[in-house]
Amino acid sequence: MSSLTLKLKLSGPSGASSGNSQRLNLCGIVPHRLLDKSIQEIRDLELKDCDSPAVVGDLFEVSEGQRDRLALVGLKPYCDFVGGDMQSGWLDIEGTVGDHVASGMRGGTLTIAGSTGQYACSGLRGGRVIVQGNIGDFAAAAPPGKLTGMSGGSFVVEGSCGRWLGSRMRRGTVVINGSVDLGCASRMIAGTIAIAGEVAMPFGYGMARGTVMLMAADAWGKKCSPPGFTDFTPCESSFFPMLVRAIYDHAPWWELDELLSCHWHRALGDRAEGGYGEILMRATVAELNSHRVGHA
Amino acid sequence: MHINGIEIQDTFAEAFPMTATRLIITAADRFWARRAAESMTGFATSVIACGCEAGIEREVAPEGTADGRPGISVLLFSTSGAELEKQVVRRVGQCVLTCPSTSVFSGMDGEKQVALGSHLRYFGDGFQISKVIAGKRFWRIPVMDGEFVCEDVTYRVPAVGGGNFLVLSETLAGALKACEAAMGAMRQVSNVIMPFPGGVARSGSKVGSKYKSLNASTNDAFCPTLRQVTNTLLPEGVGAALEVVIDGLTEADIVRAMRVGIRAACEVGGRHGLRAVTGGNYGGKLGRFHFHLHEILK
């Protein structure tokens, strides 16, 4: 049986489709809330915190399908809090969405065939989020009024990422395939951020704990350590293969054997703040040897 | 009952409840993993004075370990969760943490936790790093060869300790042959350990003593040198008795180990003067698990 599908109407009574002047809060439109509801009951569900009072039926065409798999089709950048409070099941999003994706999400799998706005996964506590496009600023970072950002689960982005990724991130795993703009991992508390593409300087400012992994095969030589960090030095640990496998399980974009056989250089910081966050940079054996010779 | 012409006495082995955990020790290669495991399971033959009973269960291939390196599975048994935790932390701290290149992981799931890295992490003096992978917390403790990786907790389950059988042979040499054959077969059984040296005890004990301070003393009924002065249980012609002791995660595991062990002992022992196999018990007063030899070997 196919997914239960909610397709955004082009023009609803709230005028939501008229542009960015109004926002749609889709928090709670998630599979576990719809499990025991009929089609009519779903149509009558109220959307909370919208600019104008509205129910699902005003804004979406609802098509029957299995309840633990929900598809939201035709979403627009004014749709905020997509996947909010999700606890289980599958939620498939088609379209580019707004801010605060996966806020309060604790379980299940959320896939977005599109891009997202700001604060994506800032409130993620568990479960898995996959974004096929790009993400905006403050992803996995502490949202306004909160002390910590993402606190669990995994967040995989196939595109690129804006500024302040993982700022005050508390726990969980973020994997970015594209490039990351400046401010990544600033004041990061814990967790892991793996980045396949370029990372803009500065990053890691005020980092307390946690791990940033620079996964690009040509990472070596391109990057000096950020201000406040120690120099990159060769580092061996039986934990690195475990970390690599965990990253690969979330995002199998690399050759696993190649990743497992590579070596890592490590920088610790932000020492200016007394932090022990780590930045791991991938290196080949030749690069490792050249480093050792260079420091002999 | 007879197997290969050897009498299986109509009696039972008496065992008692314990609690157990499994740890997987990995290292750069099998040599170092085994050194750590042997060290950790040393002086762990009996809860009477060692705090726990421990032994190597089996080798684990790299594909079966958390960090993809060769591993050794060890089982530890104790009489209480608190004592088990004390022994785990002490033994891992002194014997695994100290061994080059090693890491240690929980080898079982369960409802009751036993502290592991959550205590050992303090060795890191604030430089330790915690990481959560797939819902499990690991500690990375900086050491002189890199990092000691240790899972935060392991788990314990109810278990059975003190499963046993005795081989009664004409000579010590014959008894040793029978025990060696039994051990060779029993080491293939999972979920069990034989905690005594080589899996075998020569100093089987009875409950109590003429000395008030001792709660166990030599099992005089099986001592050949006391045949004339005590109520001996040794058949005529028997010159040596040895006891194989088994700890297992379940009654079924003990039964499996006893079955293959006794059969292997009888197969080889027949050529070396093995006369009988019996079970060690205390009249049913000590433990609630009774393993009747005839039922096991049916």
Side-chain angles (χ1 to χ4, degrees), chain A residues 106-107 125-128 150-154 169-175 188-194 207-213 230 233-250 256-257 259-261 263-266 268-269 271 274-280, chain B residues 23-33 36 60-72 92 96-97 99-106 116-117 120-122 124-152:
Chain A
R106 291 172 183 273
R125 299 177 186 179
R128 190 168 183 222
M150 178 173 159
S151 58
S154 71
M169 178 178 164
R170 180 72 185 83
R171 202 173 288 135
T173 304
V174 178
V175 193
M188 185 175 177
I189 301 165
T192 304
I193 300 174
M207 195 172 171
R209 294 269 175 168
T211 305
V212 174
M213 299 180 78
T230 63
T233 52
C235 183
E236 282 187 47
S237 172
S238 61
F239 190 75
F240 293 160
M242 294 172 64
L243 203 52
V244 161
R245 281 179 200 275
I247 299 293
Y248 183 84
D249 285 346
H250 292 303
L256 181 60
D257 289 342
L259 270 190
L260 289 173
S261 64
H263 295 258
W264 298 91
H265 289 246
R266 185 164 86 149
L268 285 180
R271 298 303 302 135
Y276 288 106
E278 64 178 353
I279 300 170
L280 299 174
Chain B
L23 298 177
I24 308 294
I25 299 168
T26 66
D29 55 38
R30 284 167 53 192
F31 175 86
W32 287 111
V60 185
E63 306 82 62
T65 63
D67 61 3
R69 302 190 300 167
I72 299 284
V92 173
V96 184
L97 168 63
C99 182
S101 81
T102 56
S103 300
V104 65
F105 305 98
S106 171
L116 188 60
L120 294 167
R121 66 187 166 117
Y122 294 108
D125 199 25
F127 296 103
Q128 69 272 23
I129 297 171
S130 147
K131 276 282 169 198
V132 177
I133 291 181
K136 291 182 176 177
R137 181 178 296 281
F138 300 91
W139 288 97
R140 299 163 56 189
I141 301 169
V143 284
M144 288 159 52
D145 71 350
E147 287 185 325
F148 173 63
V149 179
C150 181
E151 198 163 334
D152 187 47

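Lettering follows sequence order; numbering is per chain, from 1. Reckoned from all heavy atoms, side chains included, excluding hydrogens, waters and symmetry mates.
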Checklist entry - Between atom OG of S101(B) and atom CD of E236(A), what is the distance when rounded to the nearest 0.5 Å? => result 10.5 Å
Item to check | salt_bridge(E278(A), K131(B)) N-O dist < 4.0 Å | outcome: no
Checklist entry - In terms of heavy-atom proximity below 4.5 Å to chain A, should F148(B) be classed as side chain, backbone, both, or neither? => result neither
Next on the checklist: Is T211(A) close to chain B through its backbone or its side chain, or both, or neither, when contacts mean heavy atoms under 4.5 Å?
Outcome noted: both
Checklist entry - With a 4.5 angstrom heavy-atom cut-off, which part of T173(A) approaches chain B: side chain, backbone, both or neither? => result neither
Next on the checklist: For R271(A), give me all partners under side chain to side chain donor-acceptor pair (under 3.5 Å), at least two apart in sequence or on another chain.
Outcome noted: none
Checklist outcome for this item: Of the listed A246(A), S238(A), P241(A), the one with the largest count of heavy-atom pairs under 4.5 Å with chain B is S238(A)
Next on the checklist: What part of L243(A) gets within 4.5 angstrom of chain B, counting heavy atoms only: side chain, backbone, both, or neither?
Outcome noted: both
Checklist entry - Any chance CZ of R106(A) has more than 12 other-residue heavy atoms, nucleotides or ligands included, within less than 6.0 Å? => result no
Checklist outcome for this item: Separation between CZ (R69(B)) and CE (M242(A)), nearest 0.5 Å, reads 10.0 Å
Checklist entry - Which value, rounded to the nearest 0.5 Å, describes the distance between Q128(B) atom CD and Y276(A) atom OH? => result 10.0 Å
Checklist outcome for this item: Interatomic distance, CD1@I247(A) vs CD1@I133(B), rounded to 0.5 Å, equals 8.0 Å
Checklist outcome for this item: One should read off an interatomic distance between E147(B) CD and F239(A) CZ, to the nearest 0.5 angstrom, of 8.0 Å
